[in-house]
Protein chains: 2
Amino acid sequence: MRMSELSRETEVPVPTVKYYIREGLLPSGSPTGPNQAEYGQDHVRRLRLIRVLREVGGLGIAQVRKVLEAIDAEELSLHEVLGRAHHALAPSEEPSEPSPELARVKEKVDRFIEDLGWRVSADAPARWTLAEALLALERMWGVEGAETFLPYARVADRVAASELASRPPNGSRAGMVEWMVVGTVVYEAVLTALRRLAQEHHSARRFA
Amino acid sequence: MRMSELSRETEVPVPTVKYYIREGLLPSGSPTGPNQAEYGQDHVRRLRLIRVLREVGGLGIAQVRKVLEAIDAEELSLHEVLGRAHHALAPSEEPSEPSPELARVKEKVDRFIEDLGWRVSADAPARWTLAEALLALERMWGVEGAETFLPYARVADRVAASELASRPPNGSRAGMVEWMVVGTVVYEAVLTALRRLAQEHHSARRFA
DNA sequence: CACTAGAGATAGTGCTACTATCCAGTCCGA
DNA sequence: TCGGACTGGATAGTAGCACTATCTCTAGTG
């Protein structure tokens, strides 16, 4: 398969494919001459994966690269791959110098997670996301304490438990890794979209 | 309060405040002279709201403006405000010319929503989000049909029902509207973050 | 053997969210 | 009352991102 066919198959413009290769998201084809190369089904799949992460997951190129690197790291356990993917997906890394206010609510969040009995790494970026959300809620509505999160935590726990129990159609390690990572991203979008639809449904029943 | 004080209070740089005023996100202060103006608590609150939508919700300036316009539209019912906010939040509007493939899965999604008994508007952007997600799942793993979404739909339904039943600390219409819209955005981030933590927890138990 | 197509390198584009500079006017302490 | 810091408003500049266009040289094709 030549590049133009790869492009047609995946509906990605040729210059964009070249760009992805330059950026290291996509391996170059196997050369068949000084200026010809051959692409295969692996390229199609990888390209589709990139587009899903970009368009459904809304990730930036740098994030996509990190996710792909995690997927490709054969020496990592599934748990480690998922952890790396989570780091890559996070909107907020640990701030270099968090404000005292933020540090304060972060402690509340940490204690909350502790109380749930969840064993998660101390540097999980989601902790900071929660802290920022809680700080905003405190400042604007005087919401006190992370207990507001409890119903969401229960729901998240149930969802995650059933997700981790599910298996991909293709049971190889590579297939499993892809399934886990893309599942995180795609079903996140699904859950968000469904929550909005459900909100509209209940809002109609209540206010309209 | 002068602009520099507003800036200090909210930790938003002065040029950025000016920018928000230019862009119509923030009303200008009441002038006390040819080049002096006075800002009040309303400005502080609105500015914080803008930052929450930007930083926790990850919205762009144009999206923030639409959300604020919905909040300010006194003549709309709560249900209408929420609908407008959802439109503003959506990553994907209806494509001008959807591919036949996408249109096909969109029909599956519509039927799925119908079967749930949810009454949501036919042009809800979340329908397209779901269609794109389903198309990606089909193409990469041969997932067939929107029934994959069922567990998520049940969870979303429960979450939304309890959310719509909750009341803000401040019960005025303006307070209620802010609460609903910001709640949509902030608790979405919360739910996402908690799902990731829960995934890590279960992944550790299973794979590590 | 003209001509389309391909690969790779380099440079340019359009958009977004700020950020910097400038200016005339104002405030305020010595 | 005067000088320096500060103000609001206008205009221009910047950095980052995700492509997109162009150029050059080479390969295959009717």
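All values derive from a computational prediction rather than experimental measurement. Convention: sequence-line order gives letters A, B, ...; per-chain numbering from 1.
For the pair A/Leu59 CG and D/dG16 P, the computed distance is 20 Å after rounding to whole Å. The interatomic distance linking A/Glu38 (CD) with D/dA27 (C1') rounds to 14 Å, in whole Å. Whole-Å rounding puts the B/Met1 CE to D/dC6 P distance at 18 Å. To the nearest angstrom, P of C/dG6 lies 10 Å from OH of A/Tyr39. Regarding B/Ile50, its CD1 atom lies at a distance of 16 Å from the C1' atom of C/dT16, rounded to whole Å. At whole-Å resolution of the value, CE in A/Met3 and P in C/dA9 are 11 Å apart. Atom NE2 in B/His43 sits roughly 15 Å away from atom C1' in D/dT7 (whole-Å rounding). Look at CD on A/Glu55: it is 12 Å from C1' on D/dA18, rounded to the nearest Å.
Residue-level contact check: A/Pro15 touches the bases, meaning some heavy atom is under 4.0 Å from a base atom.
Between A/Lys108 and A/Glu144, at least one side-chain N (NZ, or NE/NH1/NH2) sits under 4.0 Å from a carboxylate O, which counts as a salt bridge. In summary, B/Glu188 and A/Arg196 engage in a salt bridge, as defined by a charged side-chain N under 4.0 Å from a carboxylate O.
At a cut-off of 3.5 angstrom, the base of D/dG8 holds no donor-acceptor pair with the side chain of B/Asn35.
Of the candidate nucleotides C/dA7, C/dC27, D/dC19, C/dC27 has the atom lying nearest to any side-chain atom of B/Arg2. When distances are taken from the side chain of A/Ser4 to each of C/dA17, C/dG6, C/dA7, the shortest belongs to C/dG6. Among the nucleotides C/dG8, D/dT20, D/dA27, the one closest to any side-chain atom of A/Pro13 is D/dT20. Side-chain proximity of A/Ala37 to the nucleotides C/dA7, D/dA18, C/dC27 is greatest for C/dA7.
Counting only distance, with no hydrogens or angles, the side chain of A/Arg195 and the backbone of B/Val159 share no donor-acceptor pair below 3.5 Å. In this structure, B/Arg127 contributes its side chain and B/Ser121 its backbone to a donor-acceptor pair below 3.5 Å. Without hydrogens or angle criteria, A/Arg48 side chain to B/Met140 main chain gives no donor-acceptor distance under 3.5 Å.
Counting only heavy atoms from C-beta outward, the side chains of A/Arg54 and A/Ile61 approach each other to under 4.5 Å.
B/Trp141 carries A/Arg45 over the face of its six-membered ring, with the cationic atom under 6.0 Å from the centre and within 45° of the normal.
For DNA chain C, the residues of residues 19-33 of chain A within the heavy-atom distance limit of 4.0 Å (strictly under) are A/Arg22, sorted by number.
Residues B/Lys18 and B/Ile61 each lie close to DNA chain C; by heavy-atom proximity, the contact nearer the 5' end of the strand is made by B/Ile61.
Close to D/dT20, at under 4.0 Å from its OP1 or OP2, lies a side-chain N or O of A/Thr16.
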